[in-house]
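Some notes on the structure that comes next.
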Amino acid sequence: MQTVSENLCFGGVQRVHSHVSKATGCEMTFGLFLPEQAKSAKVPVLWYLSGLTCTHENAMAKAGAQAWASRAGIALVFPDTSPRGEDVADDKEYDLGQGAGFYVNATQAPWKPHFQMWDYVTEDLPELVFSEFALDPDRQGITGHSMGGHGALTIAMTLPDRYRSVSAFSPICNPTASDWGRKQLRAYLGADEAAWAAHDASLLMGAKGFDGPVLIDTGTSDQFLDLLRPETLAGAMTARRQPGVFRMQPGYDHSYFFVSTFMQDHVEFHAGALTA
């Protein structure tokens, strides 16, 4: 592991590291915010998964999460959204390939050799950060934006014993029935749609739900509402009687202006579960 940068931030330290990933078979970069409390004890950790076209840096620099995480004594991990490099497959469109890993393990060519983002986020990167830093593996929450909200929800519902809380900003809720999903799931996982269901938050909510608190925020003026399909997740939560909060925020769009506006709510929501 190499240290790319290190900056004091709200009494803690915002770090960026790179490492060679066993899962993706290439160098990966991630951000890590350690609050001041990590100097003396293991602290809870909140994973933040970013959306299409993003890197580890977008939320790290734009979301304002460190201020609230510092107050709560929570670490933040910002993984990248895909493998990268000259030998990593890519596509000319923004919503497939580098920057668009969709948090799945690809089974199809040319993506399979490197696009193992599910294993990277759930196995490889956690193994590294918990071995190197003062983070408590028994107190984890997960959140994300857009494609990252999709990843956060599907990972949390698939690994319910790992995460105490899950939230999402404008998540892709029903990718098996959306152009932000069908294209990518077919490319990464193949034509058998039965394999796609494990990566659809609305389907997982109907089948499993989440044994813990859930918070979802989406803007009513989000320019991608037809692709996100929030009504499918809201319906699944209602049908299941899932404990949680689903909010449509009047006038907000898909941008980080929206994310940063409600970041305090989300960090404090996770703090309630992680520091109790």
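Any value given below was found using the heavy atoms of this structure, including those in side chains, with hydrogens, waters and symmetry copies removed. In this text, all values refer to a predicted model and were calculated from it rather than measured experimentally.
With sequence neighbours left out, the side chain to side chain donor-acceptor pair (under 3.5 Å) criterion links Ser50 to no other residue. Not counting sequence neighbours, Tyr163 has no partner by the ring-ring contact (aromatic ring centres under 6.0 Å, His included) test. Applying the ring-ring contact (aromatic ring centres under 6.0 Å, His included) rule to Trp118 yields the partners His199; only residues at least two apart in sequence or on another chain are considered. When the side chain to side chain donor-acceptor pair (under 3.5 Å) test is applied to Glu268, the partners found at least two apart in sequence or on another chain are Gln264. Judged as a side chain to side chain donor-acceptor pair (under 3.5 Å), and not counting sequence neighbours, Lys62 has no contacts. Taking the ring-ring contact (aromatic ring centres under 6.0 Å, His included) definition, one finds that Tyr103 meets it with nothing, sequence neighbours left out. The side chain to side chain donor-acceptor pair (under 3.5 Å) search around Thr143 returns Ser167, not counting sequence neighbours. Applying the ring-ring contact (aromatic ring centres under 6.0 Å, His included) criterion to Trp47, with sequence neighbours excluded, gives no partner residue.
Counting only residues at least two apart or on different chains, the side-chain hydrogen bond (donor to acceptor under 3.5 Å, both in side chains) pairs with a member in residues 225-236 are Asn174-Arg229, Ser202-Thr232.
Counting heavy atoms of neighbouring residues, nucleotides and ligands inside a 6.0 Å radius, atom NZ of Lys42 does not exceed 12 of them. In Glu36, the CD atom is not crowded: 12 or fewer heavy atoms of neighbouring residues, nucleotides or ligands sit closer than 6.0 Å. Residue-environment remark: OH (Tyr94) exceeds the threshold of 12 foreign heavy atoms within 6.0 Å. The number of heavy atoms from other shown groups lying within 6.0 Å of CZ (Phe10) does not exceed 12.
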- Carefully, step by step, assess Asn7 and Gln14 under the rule side chain to side chain donor-acceptor pair (under 3.5 Å). CA-CA 5 Å; Asn7 301 92; Gln14 178 61 64; over 6 Å; no
- Between His114 and Thr24, does a side chain to side chain donor-acceptor pair (under 3.5 Å) hold up when you go through it step by step? CA-CA 4 Å; His114 298 291; Thr24 66; 5.8 Å; no
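With Asp200 contributing its side chain and Thr176 its backbone, the two residues share a donor-acceptor pair below 3.5 Å. Glu27 places no side-chain N or O within 3.5 Å of a backbone atom of Ser21 that could act as its donor or acceptor partner. Glu123 places no side-chain N or O within 3.5 Å of a backbone atom of Tyr120 that could act as its donor or acceptor partner. When atom types are taken as modelled, the side chain of Thr275 and the backbone of Gly272 share no donor-acceptor pair closer than 3.5 angstrom. Distance alone, capped at 3.5 Å, is enough to place a donor-acceptor pair between the Ser131 side chain and the Glu127 backbone. A donor-acceptor contact shorter than 3.5 Å links the side chain of Thr55 to the backbone of Glu57. Counting only distance, with no hydrogens or angles, the side chain of Thr220 and the backbone of Gly251 share a donor-acceptor pair below 3.5 Å. Put simply, the side chain of Arg71 never gets that close to the backbone of Gln66: no donor and acceptor are under 3.5 Å apart. Listed for the Arg164 side chain is a donor-acceptor partner under 3.5 Å among the backbone atoms of Ala273. Between the side chain of Tyr188 and the main chain of Gly97, a donor-acceptor pair closer than 3.5 Å is present.
Side-chain contact between Phe102 and Leu52 is present, with heavy atoms from C-beta onward closer than 4.5 Å. No side-chain heavy atom of Val166 sits less than 4.5 Å from a side-chain heavy atom of Pro213. Counting heavy atoms from C-beta outward, Gln116 and Lys22 have side chains that stay 4.5 Å or more apart. Put simply, the side chain of Asp217 does not reach to within 4.5 Å of the side chain of Phe246, judged on heavy atoms. Leu228 has its side chain within reach of Asp222: a pair of non-hydrogen atoms, C-beta onward, lies under 4.5 Å apart. The shortest distance between side-chain heavy atoms of Pro110 and Phe115 does not fall below 4.5 Å. Side-chain contact between Leu49 and Ile155 is present, with at least one heavy-atom pair separated by less than 4.5 Å.
Between Trp180 and His254, the ring-plane angle classifies as tilted under the 30° and 60° cut-offs. Using cut-offs of 30° and 60° on the angle between ring planes, the pair Phe30 and His19 is perpendicular.
Taking CG from Asp95 and CG from Asp179, the interatomic distance works out to 9.0 Å, rounded to the nearest 0.5 Å. In this structure, Trp196 CH2 and Leu189 CG are separated by 8.5 Å, a value rounded to the nearest 0.5 Å. Within the model, atoms OG of Ser178 and CG of Leu227 stand 4.5 Å from one another, a figure rounded to the nearest 0.5 Å. The line from OG1 of Thr218 to CG of Leu225 is 7.5 Å long, rounded to the nearest 0.5 Å. Residue Gln140 holds its CD atom at 10.0 Å from OG of Ser165, rounded to the nearest 0.5 Å. Separating the OG atom in Ser82 from the CG atom in Leu96 is a distance of 10.5 Å, to the nearest 0.5 Å.
Between Asp80 and Arg84 there is a salt bridge, with a side-chain nitrogen of the basic residue lying less than 4.0 Å from a carboxylate oxygen of the acidic one. Under a 4.0 Å N-O distance rule, the pair Asp265/Arg247 qualifies as a salt bridge.
Contact record, Val214 with Met237: CG1-CE, 4.1 Å, taken as the closest heavy-atom pair. Residue Leu204 comes nearest to Ala198 through the heavy atom pair CD1-O, 3.4 Å, listed as atom of the first residue, atom of the second, then distance. Listed here is the closest heavy atom pair of Lys208 and Thr158: NZ-CA, 4.2 Å. Considering every non-hydrogen atom in both Met1 and Leu128, the closest pair reads SD-CD2, 4.0 Å. Nearest heavy-atom pair across Phe130 and Asp136 is CE2-C, 3.8 Å. Here the closest non-hydrogen pair linking His150 and Pro175 is ND1-CG, 4.1 Å.
Neither Val13 nor Val129 shares a network with the other; the hydrophobic side chains, linked directly or stepwise wherever heavy atoms of I, L, V, M, F, W or Y lie under 4.5 Å apart, form separate groups for each.
When hydrophobic side chains of Ile, Leu, Val, Met, Phe, Trp and Tyr are connected at separations under 4.5 Å, Val20 ends up as a singleton with no cluster partners. Think of Val245 as one node in a network of Ile, Leu, Val, Met, Phe, Trp and Tyr side chains linked at under 4.5 Å; its network also takes in Leu215, Phe269. Grouped with Leu274 in one hydrophobic cluster are Val4, Val16, Phe33, Leu46, Tyr48, Met60, Trp68, Ile74, Leu76, Phe78, Phe169, Tyr252, Tyr256, Phe258, Val259, Phe262, Met263, Val267, the linkage being side-chain heavy-atom contacts under 4.5 Å among Ile, Leu, Val, Met, Phe, Trp and Tyr residues.
With Ile172 as the partner, the side chain to side chain contact (heavy atoms under 4.5 Å, CB included) test is satisfied by one option alone out of Met147, Gln184, His145: Met147. The side chain to side chain contact (heavy atoms under 4.5 Å, CB included) test with Met205 is passed by exactly one of Leu153, Thr154, Thr238, Leu233: Leu233.
Remark: the His56 side chain and the Thr29 side chain contain no N/O donor-acceptor pair separated by less than 3.5 Å.
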